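Please read these numbers as outputs of a predicted model, since none were measured by experiment. Keep in mind that the numbers below use all heavy atoms, side chains included, and drop hydrogens, waters and symmetry copies.
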Protein chains: 4
Amino acid sequence: MTDDHIRSTTKDNGLIEKRQNQIIKAAIALFKEKGFHKTTTREIAQKSGFSIGTLYEYIRTKEEILFLVCDSIYEQVHQRLEATIDFKQPSIESLKTVIELYFRLMDEIQDEVVIMYQEVKSLEEDDRRYVLEKERDMISMLKWVIVSCVPAKITAKHAELLANNIFIQGQMWGFRRWALHKQFTLEEYIDTQLFYLMKAMDIE
Amino acid sequence: MTDDHIRSTTKDNGLIEKRQNQIIKAAIALFKEKGFHKTTTREIAQKSGFSIGTLYEYIRTKEEILFLVCDSIYEQVHQRLEATIDFKQPSIESLKTVIELYFRLMDEIQDEVVIMYQEVKSLEEDDRRYVLEKERDMISMLKWVIVSCVPAKITAKHAELLANNIFIQGQMWGFRRWALHKQFTLEEYIDTQLFYLMKAMDIE
Amino acid sequence: MTDDHIRSTTKDNGLIEKRQNQIIKAAIALFKEKGFHKTTTREIAQKSGFSIGTLYEYIRTKEEILFLVCDSIYEQVHQRLEATIDFKQPSIESLKTVIELYFRLMDEIQDEVVIMYQEVKSLEEDDRRYVLEKERDMISMLKWVIVSCVPAKITAKHAELLANNIFIQGQMWGFRRWALHKQFTLEEYIDTQLFYLMKAMDIE
Amino acid sequence: MTDDHIRSTTKDNGLIEKRQNQIIKAAIALFKEKGFHKTTTREIAQKSGFSIGTLYEYIRTKEEILFLVCDSIYEQVHQRLEATIDFKQPSIESLKTVIELYFRLMDEIQDEVVIMYQEVKSLEEDDRRYVLEKERDMISMLKWVIVSCVPAKITAKHAELLANNIFIQGQMWGFRRWALHKQFTLEEYIDTQLFYLMKAMDIE
DNA sequence: CATGAATGAGGGTTCATTCAT
DNA sequence: TATGAATGAACCCTCATTCAT
């Protein structure tokens with residue numbers, strides 16, 4: 001059983017990307033609302049603005065949609081983080097900036113974060129590994145920032161833990177919003193978390 | 001979702017509880033392995049040791065099984081935590097003990113934690129609210145411990161945040177095990193997290 | 001991906017057989033009318049007298065229905081042939097009897113023969129091989145009858161060819177009925193084919 | 001199904017024929033490999049060397065492709081047979097030649113024969129009748145050769161049967177190749193079949 | 001003439017749930 | 001109480017066919 005099906009008869013790569021973005025956008029909206037499993041491919045097609053047949057010209061399986069969604073989210077986060085980090089001149093200031101940006105980003109893409117958090121496990125082995133790899137990259141970036149910006153000596157292990165903490169504190173803002181948003185504005189949340197992180201790293 | 005969960009057809013309350021516990025145990029094992037959505041009621045019945053017909057004598061819908069599972073998990077955590085907290089004599093020591101116990105507990109019931117974390121959203125509105133209520137209780141307990149045990153003045157808001165942080169750091173140990181267990185033993189994890197938490201609370 | 005699905009929850013073997021026979025009967029009627037590919041599983045279920053869900057309690061895939069059909073047909077032919085052949089006392093008379101019986105059988109189960117002839121290729125590799133094996137058995141039986149009943153010396157090769165010829169002449173009666181039935185009654189067909197076969201084997 | 005097969009949109013008859021021949025060739029290759037039903041129009045278009053849109057400029061439905069294929073095969077056989085038959089000087093020699101040629105032809109176009117044999121039933125009523133008509137013609141030719149070449153008196157009925165036998169013996173060589181080719185070379189097959197046919201017709 | 005993106009009816013299959021025994 | 005056969009809504013996906021460019 002080879003893949004000799006003539007699938008996606010579509011040739012135009014620009015169109016493929018455009019359509020896939022429509023799909024991703026529609027899927028995020030729906031997954032957010034009812035989760036991956038309760039969302040049907042027909043709904044995704046409809047929300048994407050085309051027929052079920054057309055949907056399947058641009059994706060192979062429903063699962064691929066989830067992968068596309070996860071991939072696109074991490075890609076986004078990754079790029080934004082990378083663009084902010086100043087690899088040349090590490091400083092406490094830039095450390096704070098990065099963490100703050102990360103928190104703001106998590107706030108901005110709350111829905112996407114929730115989806116990722118809850119649905120990655122629905123990905124098949126390979127896809128999941130691929131996505132988690134990207135996550136690891138992100139944490140490495142945070143870790144690097146910590147190690148290089150903090151004046152006090154921080155072991156790799158400690159930096160690892162702190163990076164992981166920051167990582168999930170960011171996610172928590174989106175993921176546990178019903179618990180947190182009632183008590184904190186985004187500004188307060190960032191300030192307080194930063195306050196304790198700085199303390200932990202012996203800054204100021 | 002409260003007492004009306006009890007089937008009308010079935011009388012013997014002892015039996016109900018016994019059967020439901022069989023179901024919960026089977027379901028946890030299955031959900032852990034393949035998730036809620038990919039587990040079938042037939043499988044749960046089989047693993048529970050009785051027929052599909054019998055299964056439906058003790059639960060009304062598949063979703064109710066998930067509720068039962070979530071409820072039982074939180075109940076467990078809640079009880080263990082409550083039993084440990086010394087409401088009479090708050091001290092730094094008891095603070096540490098509670099946090100440590102919580103982390104150890106999360107380690108012990110890793111699989112259950114993962115299930116909860118990923119599947120609560122599959123619960124219907126009412127059930128989800130009920131479960132999250134329990135979660136809020138837990139965090140309140142942590143918050144109370146912080147406020148009453150820490151000598152330094154900590155505002156309610158700060159305590160709230162720290163409680164939330166502890167809460168998810170515990171879950172993270174189970175939830176992100178593929179990332180953390182490679183780098184930390186449980187002891188190291190507890191020690192390091194405690195180290196930074198103490199620092200945050202100006203202890204020692 | 002193992003077969004750990006809990007399929008056919010049905011335990012009663014007698015029932016399974018009964019239901020499968022219903023399915024086979026319904027399928028034969030439908031395949032005869034519109035062929036395997038144009039027949040839907042829903043139609044088969046309906047003609048079988050139960051719902052689509054029930055159908056799938058007794059078969060795994062649509063293809064399995066085709067296999068069941070093919071298998072049952074050959075089984076039938078095989079048994080009838082075997083019951084007729086007198087392995088103890090080979091004689092010209094018994095040779096004639098066997099051939100005649102075979103032709104009459106082919107007449108009796110015309111529809112089934114047509115199905116087999118046209119649809120075996122739709123079976124998957126393994127199933128097809130299994131079915132063709134049964135066909136080979138049948139031809140072997142015919143060959144054995146020829147070799148042991150005909151007085152004149154007939155080489156194995158010639159017997160093989162004659163057996164194959166008889167085999168398809170029988171099938172042809174069902175398969176090319178639109179061409180033959182207009183010109184021959186079954187009796188005439190049998191007589192004339194037998195006439196030439198006897199000639200070929202130097203009998204009389 | 002006759003001249004109205006020609007699309008109205010398309011004018012140039014030479015081009016039509018050229019394209020249809022491309023289609024037929026591609027279709028035969030594909031049908032041989034996976035059968036009519038499992039072959040998609042997209043695959044046929046691709047193998048034909050043009051787009052799916054263009055394919056539909058030259059055929060109206062997928063079924064028509066099957067018709068074209070069947071028609072072309074019979075046309076071929078018909079022409080080859082007709083060219084060989086010496087209608088002027090019937091002789092035993094020419095009888096043998098015709099039969100031999102027919103067997104060789106069946107060997108040559110084995111794949112096509114298999115396709116026809118298995119897929120004619122997928123044709124719609126009208127098309128099927130049209131194709132079977134051609135088959136009848138072929139058998140008539142064989143019958144005519146038998147009647148006119150064989151010295152012994154053979155009734156029309158007997159000739160009819162013999163013609164049918166020859167016809168399917170030829171097809172059998174292609175159709176049951178897995179059974180026959182292991183035991184016979186083409187030469188042996190022809191010789192042996194001829195041997196028995198001659199015997200049947202009292203020749204030599 | 002040629003293209004290929006778009007369509008959607010329809011097919012195979014699953015599985016939560018019921019109910020007669 | 002326990003059972004498991006029966007149900008059918010609903011899901012994912014395919015592919016013949018059309019039509020604007």
Touch class at under 4.0 angstrom, heavy-atom based, for T41(C) against every strand present:
base
Under 4.0 Å: is that the gap between some side-chain N or O of Y56(A) and OP1 or OP2 of dT14(F)?
no
E63(A) or G53(B): which one's nearest nucleotide on DNA chain F is closer to the 5' end?
G53(B)
E119(A) and K121(B) ion-paired at < 4.0 Å
yes
Rounded off to whole Å, could you give me the CD-to-C1' distance for the E57(C) and dC15(E) pair?
9 Å
Mind telling me whether F50(D) and Y58(D) have parallel, tilted or perpendicular rings, with 30° and 60° as the class edges?
tilted
Nearest whole Å is fine: how far is dA16(F) C1' from E43(D) CD?
13 Å
Within the structure, does a side-chain N or O atom of Y58(A) lie under 4.0 Å from either OP1 or OP2 of dA6(E)?
yes
Reckon T54(A) has a side-chain N or O less than 4.0 Å from the OP1 or OP2 of dA6(E)?
no
Position toward the 5' end of DNA chain F (nearest nucleotide), I52(C) or G49(B):
G49(B)
Paired to dA9(E) by Watson-Crick or G-U wobble criteria (both distances under 3.5 Å) is dT14(F)
To the nearest angstrom, the CD-C1' distance between E64(B) and dA16(E) comes to 14 Å
Any ion pair linking R129(D) and E133(D) (charged N to carboxylate O, less than 4.0 Å)?
no
Starting at CD of Q46(D) and ending at C1' of dA16(F), how long is that distance when rounded to a whole Å?
16 Å
Within the modelled atom types, does a donor on one side and an acceptor on the other bring the side chain of R19(C) and the base of dG4(F) under 3.5 Å apart?
no
Quote, to the nearest angstrom, the C1' distance that separates dT21(F) from dC1(E).
13 Å
Check ion pair R19(D)-E57(D) (N to O, under 4.0 angstrom)
no
Tell me which of F50(D) and F36(C) sits closer to the 5' end of DNA chain E, going by the nucleotide each one is nearest to.
F50(D)
Specify whether F31(C) and F36(C) have parallel, tilted or perpendicular ring planes, treating 30° as the upper limit for parallel and 60° as the lower limit for perpendicular.
perpendicular
Please state whether the base of dT13(E) and the side chain of R42(C) form at least one donor-acceptor pair under 3.5 Å?
yes
Expressed in angstrom and rounded to an integer, what is the separation of I65(D) atom CD1 from dC15(F) atom P?
14 Å
What is the distance, rounded to the nearest whole Å, between atom CG of L30(B) and atom P of dA16(E)?
11 Å
Complement of dT21(F), any strand, by Watson-Crick or G-U distances under 3.5 angstrom:
dA2(E)
Check the distance between dT14(E)'s P and K62(A)'s NZ and give it to me in whole angstrom.
16 Å
H37(A) NE2 to dC15(E) P, straight-line distance once rounded to whole Å:
11 Å
